[in-house]
There are 2 protein chains.
Amino acid sequence: MPNIDLADERYRVQSVARAAALLELVADAGPQGLGVTEMAQGLGVAKSTALSLARTLAAAGLLRSLDVGARYGLGLNLLRLGDLASQQTSIGELGLPILHELSRATGMTARLAVNENGYPIFLERVDGGGPVRFHAPLGQREEPHCTAAGKAILAQMDEADVRRLIDEAGMRVHTPKTLSTVEDLLGDLERVRQVGFAIDDEEESEGVFCAGAAFFDHHGRCAGALSVTDLKLDVPLREVQALGLTVREHADRLSMALSGSSRAARR
Amino acid sequence: MPNIDLADERYRVQSVARAAALLELVADAGPQGLGVTEMAQGLGVAKSTALSLARTLAAAGLLRSLDVGARYGLGLNLLRLGDLASQQTSIGELGLPILHELSRATGMTARLAVNENGYPIFLERVDGGGPVRFHAPLGQREEPHCTAAGKAILAQMDEADVRRLIDEAGMRVHTPKTLSTVEDLLGDLERVRQVGFAIDDEEESEGVFCAGAAFFDHHGRCAGALSVTDLKLDVPLREVQALGLTVREHADRLSMALSGSSRAARR
DNA sequence: GTCGAGTGTTCGGCATAACAGAACGCTGGT
DNA sequence: ACCAGCGTTCTGTTATGCCGAACACTCGAC
């Protein structure tokens, strides 16, 4: 898991860092949770240490004991904090209503991603009406080269930055349609700039179609992208153009909202 | 805020507890975030201590520095962890489709709460089609005595437990219609058991109407409640009975999903 | 332009508090 | 009945997290 933290290495507190690592460990463990022995192994500490950490986190609601005192899973306080985190990002707050409208207008699952150094991080999701649910976790950092949101963001960067980013992120191949060379990608990004929206046509996942468009903050910098997702079967080819324009139109509305017609961005 | 810790007081690690308190502090601070000095004051520690905690949390993605190294807000990793927390509860996963249907069937905002020691904690929310959005944050622990979900859950507990819980939680009065004595509440709970659903008729918030019904896990224990919310203006009095039954019916379906097959255990 | 009051940051030393390890009960499988 | 595995408890030791004081910087007032 590439969790690279460019923050200052100095002034770390060991037990808190271990507690955070424990949260990740439990998150990876799945619904059945983790016992102290597993925690201790995973963290490389003594059992008693793991127990102290778990108890403390549980008291704060960041973990919860599943059985009586035995195994631990993620706590429900994380839900509240996560919800607040997306609201406080203010992009999430402003974007959520627009996301609902986009979902209703297209009948598809709509998502909002913010731009973190070129990577899309999904902040909000509104499920469409259909029977199929697309199970992309919020807060997840997606790959730039094979997702609609990622390419919509890349299309706003200059070529040198794109090359540098791809050099770092790589271009993992998921399906036969995944773009696998930088030249192919750059060509596609040029197309994105012309039409104003990006397409992911089974490039990340077989049978899944996405369309995305970037939005911009009050500095005019690309702040993120909106996207819609559905089964490719349900997206008639001749409607792709209209669909893309709908996404772009909603993204433009978010850009306007962010550029401060209503909101006092000061302070 | 009453953040009661029923976990064992022993074996706590101080710095982790402080870090968790810091998360709460930042959550309360709002979008502009917190500076080191404010953190230190809020926690009652030295500035350098607060800085170490914040840096460590930021490195784990639980906080993020808003400006360059100055103020801190909630981190986006919380979003991912919160999302995973609700998925791992498996009630959320099974309940979401039913929640969508309930929202569509009623046209109202539908919510799913789990039962945490008698308190309802909202895990999922699906907004209705109407123009008004009810902005209750996910993961929030609601009051038992004045919410539909809360009373639906209370109605499944025996009287002694209800008295004990109310003794702890209190019965804050929000509107003229809020039930303010335990006897009134117990009478209402008896009515809930008879009809199979609970009503919040402007008891928590003026002008807002809710209906809720409990659902049960495979042990037959009350695992939580579904509820719908709308403006009281939009809920004709004569439709309350039908509305309540619709909510109860969806709750029963969730009970069945949770128990694997049948047995909608009602005590 | 100068001063100050408010930040965030750095550093070193002391005492605390966090850690490891071994021993204790418990439960469930064989 | 046994052992193997778990979660839990306790005590000593030393690393570690903590404080406080001093530093660097950014504003605003005068």
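All values derive from a computational prediction rather than experimental measurement. Just so it is clear: chains get the letters A, B, ... in the order the sequence lines come, proteins before strands, and each one is counted from 1.
- The closest donor-acceptor contact from the side chain of A:S15 to the backbone of B:V16 lies at 3.5 Å or more, if one exists at all.
- Proximity of A:R55 to the phosphate of C:dA18: no side-chain N or O atom is located under 4.0 Å from OP1 or OP2.
- Between B:S15 and D:dT16 there is no side-chain polar atom (N or O) within less than 4.0 angstrom of OP1 or OP2.
- The distance from atom CE of B:M39 to atom P of C:dT7 is 13 Å, rounded to the nearest whole Å.
- Dashed line: the shortest gap from a side-chain N or O of B:T49 to OP1 or OP2 of D:dC19 is under 4.0 Å.
- For B:S48 against D:dG20, a side-chain N or O and a base N or O form a donor-acceptor pair under 3.5 Å.
- For the pair B:E143 and B:R172, the tightest heavy-atom approach, listed with the atom from each and the gap, is OE1-CB, 3.5 Å.
- In this structure, A:G75 and B:A85 approach most closely via the heavy-atom pair O-CB, 3.7 Å.
- Computed from coordinates, the B:L51 CG to C:dT7 P distance equals 15 Å when rounded to whole Å.
- B:R163 has no carboxylate O lying under 4.0 Å from a charged side-chain N of B:D167, or vice versa, which leaves the two without a salt bridge.
- A straight line from CG of B:L22 to P of D:dC18 spans 12 Å, rounded to a whole angstrom.
- For the pair A:Q32 CD and D:dC6 P, the computed distance is 15 Å after rounding to whole Å.
- Across all their heavy atoms, B:H145 and B:I166 have their closest contact at CB-CD1, 4.1 Å.
- Straight-line distance from the CD atom of B:Q14 to the P atom of C:dT16: 11 Å, rounded to whole Å.
- The side chain of B:V13 lies closest to C:dA18, out of C:dA18, D:dT9, D:dC19.
- Toward the 5' end of DNA chain D, the nearer of the two residues A:E38 and B:L53, judged by each one's closest nucleotide, is A:E38.
- Atom P of nucleotide C:dA20 and atom CG of A:L43 are separated by 10 Å, given to the nearest angstrom.
- The two atoms that bring A:L79 and B:F122 nearest to each other are CD2-O, 3.7 Å, heavy atoms only.
- Side-chain nitrogen and oxygen atoms of A:R18 include at least one within less than 4.0 Å of the OP1 or OP2 phosphate oxygen of C:dC19.
- Taking atom CD of residue B:Q41 and atom C1' of nucleotide C:dG8, one finds them 14 Å apart after rounding to whole Å.
- Between the base of D:dG7 and the side chain of A:K47 there is a donor-acceptor pair shorter than 3.5 Å.
- Proximity of B:T37 to the phosphate of C:dG6: no side-chain N or O atom is located under 4.0 Å from OP1 or OP2.
- In summary, A:D161 and A:R164 engage in a salt bridge, as defined by a charged side-chain N under 4.0 Å from a carboxylate O.
- When each of B:G44 and A:L34 is assigned the nucleotide of DNA chain D with its nearest heavy atom, A:L34 is the one assigned upstream, toward the 5' end.
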Exercise. Pairs counted as Watson-Crick or G-U wobble with both distances under 3.5 Å: what dot-bracket string results for DNA chain D, using | for bases tied to another strand?
Worked result: .|||||||||||||||||||||||.|||||
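- Scanning all heavy atoms of the two residues, the minimum distance from B:G95 to B:L254 falls at CA-CD1, 3.9 Å.
- As a whole-Å value, the separation of B:Y72 OH from C:dT7 P is 16 Å.
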